[in-house]
Amino acid sequence: MRYSRDLRGYGETTPDPQWPGGARVAVQIVVNYEEGGENSVEHGDAASEAFLSEIIGAQPWPGQRHWNMESIYDYGARSGFWRLHRMLRDIPVTVYGVATALERSPEQVAAMKAAGWEIATHGLKWIDYRDVPREVEADHIAQAVALHTAVTGERPRGFYQGRCSMNTVALGCEEGGFAYLSDTIADELPYWHVHNGKPQLMVPYTMDANDMRFSSGQGFGTGTDFLDYLRDSFDVLYAEGAAGAPKMMSIGLHCRLAGRPGRAMAIQRFLDHARAHHGVWFASRLDIARHWAEVHPYQSKARPSQMDREAFVQKFGGIYEHSPFIAERVWDAEMGAVHDSPAGLAARMAQVFRSASDDERLGVLRGHPDLAGKLAQAKRLTADSTAEQASAGLDSLTDDERATFTRLNDAYVAKHGFPFIIAVRDHDKAGIMAAMQARIDNDTLTERAEAERQVMRIGELRLNEALK
């Protein structure tokens with residue numbers, strides 16, 4: 001089984017985004033423009049809207065219009081938008097514009113364009129796509145791009161469906177014209193997603209630093225709650241950037257929610273706070289996408305989880321000495337992006353090794369050669385073992401050193417029944433010999449456990465080399 005989700009991402013050490021001017025954080029503000037694109041019988045939908053409004057616990061009204069719901073959305077277009085526009089018109093904002101909503105709001109679109117805001121597509125309609133057939137959603141995306149282009153004068157370069165399906169990202173990739181997709185909340189940095197062999201840049205969005213939580217039961221109650229959350233988020237990300245790991249901070253706003261006066265002040269106070277810091281880059285999502293594509297262009301690399309079985313076993317079958325069954329069982333089990341890193345693949349191989357039978361694990365131990373033994377002298381070691389022993393100087397022993405290793409090897413095997421095993425890349429020649437002399441005196445149960453730990457460590461070191 002191949003696991004589709006990437007739970008590793010960039011890992012512990014994130015790439016340096018090299019934001020313009022050496023910025024410590026990129027602040028990206030989205031204004032969602034959905035008013036006029038929401039579910040409504042008048043829009044041809046089966047029921048009224050029930051999402052992201054002041055009506056907590058709202059339910060769709062099948063076959064009926066909902067006056068209060070519609071007027072809440074109307075507020076966003078008539079009043080909330082203009083308040084946000086006045087506050088943000090000097091900032092490079094990204095608008096997530098629902099195509100049918102933009103079509104019904106020509107003055108607002110003109111204001112977006114006059115402010116120089118990026119207008120990304122937020123789909124054709126502000127509806128839930130989870131149960132929409134793939135072909136229908138694909139058609140809606142095509143219609144959204146066409147309508148967006150006709151209304152704004154240029155095609156959208158970014159796409160965020162929002163109430164997406166499991167097909168949305170694939171369909172966005174297949175559309176072929178987007179500089180980035182944002183239907184992901186998986187990171188605080190852009191990343192490349194590969195679909196059908198082609199890379200697509202993802203610029204993650206946010207559900208936490210988002211005014212949508214004013215409309216949820218456990219969200220923000222007041223503008224102060226929102227301000228505190230935004231400010232704390234900014235401060236953490238700014239400190240991480242100052243420490244050498246810059247990120248992006250996404251903020252999601254909705255005209256009918258954040259555009260209310262009791263909430264808008266939180267945005268103004270946050271802007272004041274952020275602007276009081278040097279090294280802050282306010283950017284649109286398209287700015288960020290273009291920067292990332294230039295600084296961190298997609299680089300193709302072999303991914304173990306995507307290799308066929310024969311190729312995988314050929315490359316990794318020798319990681320555990322003369323024991324290809326480890327690699328075979330790894331490939332046959334669940335694999336995903338997390339196993340494409342040395343640490344991830346080493347952990348899975350170690351898991352398989354620990355799960356093997358006692359006889360199988362003993363066979364792995366017995367598959368290892370004696371250190372500086374007869375196989376080394378006859379140049380019959382595997383390439384990995386040859387390189388490892390050479391790294392510790394075991395290929396250039398004096399006659400006395402060779403005699404000592406031979407004596408210790410023979411005594412160790414006679415007592416424990418398997419060769420002395422140690423991750424030689426962790427030691428020098430003197431350290432190896434000292435460990436060998438000390439470990440001979442262990443009882444076999446203790447030494448068996450230590451030998452198995454060393455086998456797994458050797459595998460980890462070999463994978464570090466193999467997956468450079």
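What you see is a predicted model, and the numbers here were worked out from it, not measured in a lab. Positions are given from 1, in the same order as the sequence printed here.
No cation-pi contact links Arg263 to Phe226, judged by a cut-off of 6.0 Å to the six-membered ring centre and 45° from its axis. A cation-pi contact, defined as under 6.0 Å to the ring centre and within 45° of the axis, links Arg256 to Tyr73. Relative to the six-membered ring of Tyr96, Arg285 misses at least one condition, a distance below 6.0 Å or an angle of at most 45° to the axis.
Between the side chain of Arg2 and the backbone N or O of Gln306, no donor-acceptor pair lies under 3.5 Å.
Heavy-atom minimum distance, Gly177 versus Arg157: O-NH1, 2.9 Å.
Within a 6.0 Å sphere centred on CZ of Arg155, other residues, nucleotides and ligands contribute more than 12 heavy atoms.
A distance of 12.5 Å separates CG in Leu345 from CZ in Arg303, rounded to the nearest 0.5 Å. With values rounded to the nearest 0.5 angstrom, Leu467 atom CG is found 12.5 Å from His339 atom NE2.
The ring pair (Phe, Tyr, Trp, His ring centres under 6.0 Å) check on His140 picks up Tyr129, with sequence neighbours excluded. Considering only residues two or more places apart in sequence or on other chains, Tyr180 meets the ring pair (Phe, Tyr, Trp, His ring centres under 6.0 Å) condition with none of them. Here Tyr238 pairs with Phe234, His277 under the ring pair (Phe, Tyr, Trp, His ring centres under 6.0 Å) rule; sequence neighbours left out.
Counting only N and O atoms by type, the side chains of Asp235 and His273 include a donor and acceptor under 3.5 Å apart. Using a 3.5 Å distance cut-off with no hydrogens or angles, the side chains of Arg348 and Gln351 do pair a donor with an acceptor. Looking only at atom types and distance, the side chain of Gln108 has no donor-acceptor partner in the side chain of Glu35 under 3.5 Å away.
Between Trp126 and His254, a ring centre-to-centre spacing not shorter than 6.0 Å is recorded. Note: Tyr191 and Tyr10 fail the aromatic proximity criterion, with ring centroids not under 6.0 Å apart.
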